[in-house]
> 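Quick one: this structure, given as structure tokens, is what I'll be asking you about.
All values below come from the heavy atoms of this structure, side chains included, with hydrogens, waters and symmetry mates left out. Just so we're on the same page: letters track the sequence lines, and every chain starts at 1.
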Amino acid sequence: MPKQRITVKDLLQSDAHGTDVHVKGWVQTKRESKNVAFIALNDGSTVHHLQSVADVAHFGEETLKKVTTGACLGVTGSLVPSQGSGQKVEVQAKEIKVYGTADPDKYPLQPKRHSMEFLREIGHLRPRTRTFGAVLRIRHAMAFAVHKYFNDNNFYYLHTPIITGSDAEGAGEMFRVTTLDARKPPLTDTGEVDYKQDFFGKATNLTVSGQLEGELGALALGNIYTFGPTFRAENSNTARHLAEFWMIEPEMAFYDLEDNMDLAEDFLKYLIRYALDNCTDDLQFLESRLIEEEKNKKQEERSPMPLLEKLRFVVDNKFERLNYTEAVDILVRSKPAQKGQFVYPVKWGTDLQSEHERYLVEKHFKKPVILVNYPKEIKSFYMKQNDDGKTVRAMDVLFPSIGEIIGGSQREEDYEKLLGRVQEMHIPMESIWWYLETRLYGTAPHAGFGLGFERLILFVTGMTNIRDVIPFPRTPQNAEF
RNA sequence: GUCGGCAUAGCUCAAUGGCGGAGCAAUCGGCUGUUAACCGAUAGGCUGCAGGUUCGAGUCCUGCUGCCGACGCCA
């Protein structure tokens, strides 16, 4: 008897008929008739189940009674061609070891479709569903592909701090990190909380972006990227926002905005192609799941194309690139604007609303769009100013249905211009001096961007809520599991 | 945070202001190999919580709580 466990994935590809195998996993369903029971087993290695066949007389009721949906089993048996049509091979069971039963009266997962809302309530068990298994395997593959892409292209993985003392980026509200007694913190003479007595001797927060530190890396190592958790204490309640999410932020010395766009497009296409090449089974499962789900929807609410076709479409087509100013022109002349169908008016100088971005991506161009050269007033202080005095070298990559997937820019490398913006925006020198010094000593043109990892996974998996593409979502009023 | 919607069996959902139901799951039985098996039966409920209107409230009204969707902030 082989002691080594073989995964369901390997088993299903095997043609070593007649050999004994040992497989372990969780029961998805059991179908039983008088003489024979069929146990569908899943071990997380693939979206497919293994069918193991158990002779009722051989095992007896006592054992088979414990084999219920959710139970964990070890099955030893002979790998044989399947008599049924659903699978090529199956395991004719000789021994069944029950590692853990799952009381069928209480186990919440059933062999049926559950709503995503219900599965969020049982976050500790939802990885056992096929849908979450598929999403989590794809998530893993995408994380691996991120590292592979950058490693193959000579980028260094830079670990930027998670606890930070700077509030410079202004990307959003921050979570305070402190060891002070929340009930009676030490106070200064003026009655403020005295963070000099805190653990780090100053006020600290969880990072909202690794970019500023990333720039330090790029201005020494050339090309770097970060890939880590990021925290925003915004009270955002949408299907696209998390309080804790993972962000990928490459930063490149000697890149201008064009280079930055080229990298962003190539990177996204590489990742999606990687999923198409390496996650075929999971993507096919998610695609058919989506088609099934959309049968209940009206024609106009259904996706314009199936998941795999949508992914191939993005890989095969060049992203549309245009200036913010051009985008505003298109929007002003658009049908919805003329008919007054936009909730928000389109005007040069204001940020584009979701409805405007969606119109450009989904109706006008019908493909990903990169918008560049935004008005400086609506963008961050560190972005390189254009000669027109009005715009900065910012870029947003917009994807269908999820909107902004990447935000980036060429950085301002001129010390005086950067200092000017810092002063205009009243950023305290004691929190930003080190950043400014990079422009004082051997400054260089450079650029970078941030890719929201979960937004990428949303797009690749076709899932609709960002809470369902991260194992343990953190959102306002929810830090369960 | 703003606006809107929803809350009924373990799950997904029905029920004109008038006796709370179905499918799935569970339990029991049947079935010669099934594919989210099939057939028969059984059991399962403080209709989210607190008030109010009414002869009568799951249904109408008020408040609270939770969830969902859209929007804002962004990635």
Side-chain angles (χ1 to χ4, degrees), chain A residues 28-40 42 48-57 65 68-70 80 82-87 90 92 102-122 129-130 169-173 208-211 229-249 264 289 292 296 301 342-344 351-358 378-380 396-399 402-408 449-459 464-467 470 475-478:
Chain A
Q28 226 66 24
T29 63
K30 181 180 67 168
R31 296 176 292 275
E32 200 171 5
S33 62
K34 196 175 182 182
N35 299 323
V36 66
F38 300 94
I39 303 163
N42 189 283
H48 300 300
H49 303 327
L50 171 75
Q51 169 156 292
S52 53
V53 187
D55 190 70
V56 173
K65 216 176 163 104
T68 59
T69 300
V80 296
S82 179
Q83 295 175 38
S85 58
Q87 56 284 316
E90 63 191 22
Q92 186 69 45
D103 185 347
D105 218 27
K106 293 176 184 153
Y107 187 65
L109 288 171
Q110 301 160 15
K112 62 167 268 184
R113 177 176 294 274
H114 293 288
S115 67
M116 287 297 133
E117 292 80 19
F118 173 66
L119 292 175
R120 268 171 231 152
E121 291 172 17
I122 52 166
T129 63
R130 295 176 95 183
E169 226 244 334
E173 289 298 309
V208 292
S209 164
Q211 180 201 315
T230 312
F231 308 87
R232 306 266 167 100
E234 299 289 341
N235 189 15
S236 323
N237 267 295
T238 82
R240 306 187 309 280
H241 289 86
L242 290 165
E244 176 183 293
F245 65 100
W246 288 66
M247 188 153 62
I248 299 138
E249 296 180 285
R289 185 190 160 277
E292 195 63 34
N296 301 321
E301 287 170 10
F342 285 138
V343 177
Y344 296 88
D351 213 350
L352 299 182
Q353 305 293 317
S354 290
E355 56 177 349
H356 305 144
E357 296 178 350
R358 289 186 76 124
I378 58 173
K379 289 293 180 184
S380 301
D396 282 0
V397 181
L398 309 176
F399 263 35
I402 53 174
E404 186 179 341
I405 194 168
I406 278 181
F449 61 81
L451 168 67
F453 187 55
E454 282 76 17
R455 289 193 180 170
L456 171 77
I457 307 299
L458 266 184
F459 184 75
T464 49
N465 194 309
I466 202 161
R467 289 159 206 180
I470 186 168
T475 52
Q477 298 300 310
N478 181 17

> In whole angstrom, give the distance that lies between atom CZ of A:Arg240 and atom C1' of B:C73.
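Distance, rounded to whole Å: 10 Å.
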> Counting any heavy atom closer than 4.0 Å, what does A:Tyr344 reach on the DNA or RNA strands: base, sugar-phosphate only, or nothing?
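Contact class for A:Tyr344: sugar-phosphate only.
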> Rounded to the nearest Å, what distance is computed from the CD atom of residue A:Glu355 to the P atom of nucleotide B:G69?
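Going from A:Glu355 (CD) to B:G69 (P), I get 20 Å.
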> Roughly how far apart, to the nearest Å, are B:A22 and B:G44 at atom P?
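Their P atoms lie roughly 13 Å apart.
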> Looking at residues at least two apart in the chain, or sitting in another chain, which of them share a side-chain hydrogen bond (donor to acceptor under 3.5 Å, both in side chains) with A:Thr238?
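Per chain and number, A:Thr238 pairs via side-chain hydrogen bond (donor to acceptor under 3.5 Å, both in side chains) with A:His241.
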> Provide a list of protein-nucleic acid N or O atom pairs under 3.5 angstrom, restricted to nucleotides 5-8 of chain B.
none

> Once you apply a heavy-atom cut-off of 4.0 Å, does A:Glu244 come out as touching a base, just sugar-phosphate, or nothing?
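A:Glu244: no heavy atom of the nucleic acid under 4.0 Å.
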> Taking the side chain as every heavy atom from C-beta outward, state whether A:Glu355 and A:Val343 have any atom pair closer than 4.5 Å.
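When only atoms from C-beta onward are counted, A:Val343 and A:Glu355 do touch, with a gap below 4.5 Å.
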> For nucleotides 34-49 of chain B, just jot down a letter per nucleotide in 5' to 3' order: B, S or -, based on protein non-hydrogen atoms under 4.0 Å.
BBBB------------
> Nearest to the A:Ala239 side chain among B:C31, B:A70, B:G72, which nucleotide is it?
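Out of B:C31, B:A70, B:G72, the nucleotide with an atom closest to A:Ala239's side chain is B:A70.
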> Reckon A:Thr238 touches a base, only the sugar-phosphate, or nothing at all at heavy-atom distances under 4.0 Å?
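Base contact.
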> Anything under 3.5 Å between a protein N or O and an N or O of nucleotides 2-4 of chain B, put it in a table, one pair a line.
none

> Heavy atoms only, 4.0 Å cut-off, all strands: where does A:Arg467 land among base, sugar-phosphate and nothing?
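Here A:Arg467 touches the backbone only, sparing every base.
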> Tell me every residue that passes salt bridge (charged side-chain N to carboxylate O under 4.0 Å, His left out) with A:Arg120, counting only those two or more places apart in sequence or in another chain.
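Listed in chain order: A:Asp468.
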> So if I take every side-chain heavy atom of A:Ser236 and compare against B:C73, B:C71, B:A75, which nucleotide ends up nearest?
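So the side chain of A:Ser236 is nearest to B:C73.
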> Looking only at N and O atoms, is any donor in the side chain of A:Arg455 or the base of B:C74 less than 3.5 Å from an acceptor on the other one?
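Donor-acceptor pair under 3.5 Å: yes.
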> If the test is side-chain contact (heavy atoms from CB on, under 4.5 Å), which one of A:Leu109, A:Asn42, A:Thr69 qualifies with A:Gln28?
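For A:Gln28, the side-chain contact (heavy atoms from CB on, under 4.5 Å) test succeeds with only one of A:Leu109, A:Asn42, A:Thr69, which is A:Asn42.
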> Within the 4.0 Å heavy-atom criterion, would you say A:Pro104 contacts the bases, only the backbone, or no part of the nucleic acid?
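Answer is sugar-phosphate: A:Pro104 comes under 4.0 Å of backbone atoms only.
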> So does A:Ser354 reach the base of B:C71 with its side chain, donor to acceptor, closer than 3.5 Å?
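Checked by distance alone, the answer is no.
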> Just the rounded figure in Å: distance from P of B:A75 to CD1 of A:Ile405.
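Result: 12 Å.
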> For a quick test of reading the model, state the closest non-hydrogen atom pair linking A:Gly407 to A:Glu404 and the distance between them.
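Smallest interatomic distance, heavy atoms only, reads CA-OE2, 3.6 Å.
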> For the residue pair A:Arg31 and A:Gln51, what are the closest heavy atoms and their distance?
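That closest heavy-atom pairing would be NH2-OE1, 3.2 Å.
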> Starting at atom CD of A:Glu121, determine the distance to atom C1' of B:G66, rounded to an integer number of angstrom.
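It is 9 Å, rounded to the nearest whole Å.
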> So A:Arg289 and A:Arg113, do their side chains get closer than 4.5 Å, heavy atoms only?
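In short, these two side chains touch, coming nearer than 4.5 Å.
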> Check whether A:Ser82 reaches the backbone of A:Glu90 with its side chain - one donor and one acceptor, N or O, closer than 3.5 Å.
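Such a contact is absent between A:Ser82 side chain and A:Glu90 backbone.
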> Stem list for RNA chain B, please, built from Watson-Crick and G-U wobble pairs under 3.5 Å and keeping only runs of at least 3.
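Correct response: B:1-7 with B:65-71, B:10-13 with B:21-24, B:26-30 with B:38-42, B:48-52 with B:60-64.
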> State, to 0.1 Å, how close A:Gly210 and A:Glu249 come at their nearest heavy-atom pair, and which atoms those are.
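Nearest pair, atom of A:Gly210 first, then A:Glu249: N-OE1, 2.7 Å.
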> Start at the 5' end of RNA chain B and walk down; is the nucleotide closest to A:Asn35 or to A:Phe118 reached first?
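Whichever sits nearer the 5' end wins; that is A:Phe118.
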> Send over the distance from A:Ile39 CD1 to B:G33 C1', rounded to a whole Å.
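From A:Ile39 CD1 to B:G33 C1': 14 Å.
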> If the C1' atom of B:U65 is compared with that of B:G23, how far apart are they to the nearest Å?
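Pairwise C1' distance, B:U65 against B:G23, rounds to 30 Å.
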> Side chain of A:Ile466 only, heavy atoms from C-beta on: which candidate in B:A75, B:U27, B:U32 is closest?
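For the A:Ile466 side chain, the nearest candidate turns out to be B:A75.
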> Going by heavy atoms in the side chains, are A:Arg130 and A:His49 under 4.5 Å from each other?
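Heavy-atom side-chain distance check passes, below 4.5 Å.
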> Using a 4.5 Å cut-off on heavy atoms from C-beta on, say whether the side chain of A:Ile406 contacts that of A:Asp396.
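No, too far: nothing below the 4.5 Å cut-off.
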> Which of these nucleotides, B:G33, B:C31, B:C68, is closest to any side-chain atom of A:Glu117?
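Of all the options, the side chain of A:Glu117 is nearest to B:C68.
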> Does A:His356 have its ring centroid less than 6.0 Å away from the ring centroid of A:Phe342?
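Ring-ring flag for A:His356/A:Phe342: true, centres closer than 6.0 Å.
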> Is A:Leu456 touching bases, backbone alone, or none of the nucleic acid, heavy atoms closer than 4.0 Å?
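Touches nothing.
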> Expressed as a whole number of angstroms, how long is the span from A:Asn478:CG to B:C67:P?
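Interatomic distance, CG of A:Asn478 to P of B:C67: 7 Å.
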> Closer than 3.5 angstrom, by distance alone: can the side chain of A:Arg240 be matched with the main-chain N or O of A:Arg455 as a donor-acceptor pair?
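Judged by distance alone, no pair lies under 3.5 Å.
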> Considering only NZ, NE, NH1 and NH2 on the basic side and carboxylate oxygens on the acidic side, decide whether A:Glu234 and A:Arg232 come within less than 4.0 Å.
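A:Arg232 and A:Glu234: not salt-bridged.
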> Between B:U27 atom C1' and A:Asp105 atom CG, what is the distance in whole Å?
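The answer, rounded to whole Å, is 8 Å.
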> Measuring from the side chain of A:Arg120 (C-beta onward, heavy atoms only), which nucleotide among B:A75, B:U12, B:C68 has the closest atom?
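For the A:Arg120 side chain, the nearest candidate turns out to be B:C68.
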> Using the side-chain contact (heavy atoms from CB on, under 4.5 Å) definition, which of the options A:Ile466, A:Leu456, A:Leu458, A:Thr464 pairs with A:Ile402?
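Only one of A:Ile466, A:Leu456, A:Leu458, A:Thr464 forms a side-chain contact (heavy atoms from CB on, under 4.5 Å) with A:Ile402, namely A:Leu458.
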> To the nearest Å, give me how far apart CD1 (A:Ile378) and P (B:G72) are.
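Nearest whole value for this atom pair: 13 Å.
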> Could you tell me if the side chain of A:Thr475 sits less than 4.5 Å from the side chain of A:Arg467, heavy atoms only?
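A side-chain contact exists here, since the closest heavy-atom pair is under 4.5 Å.
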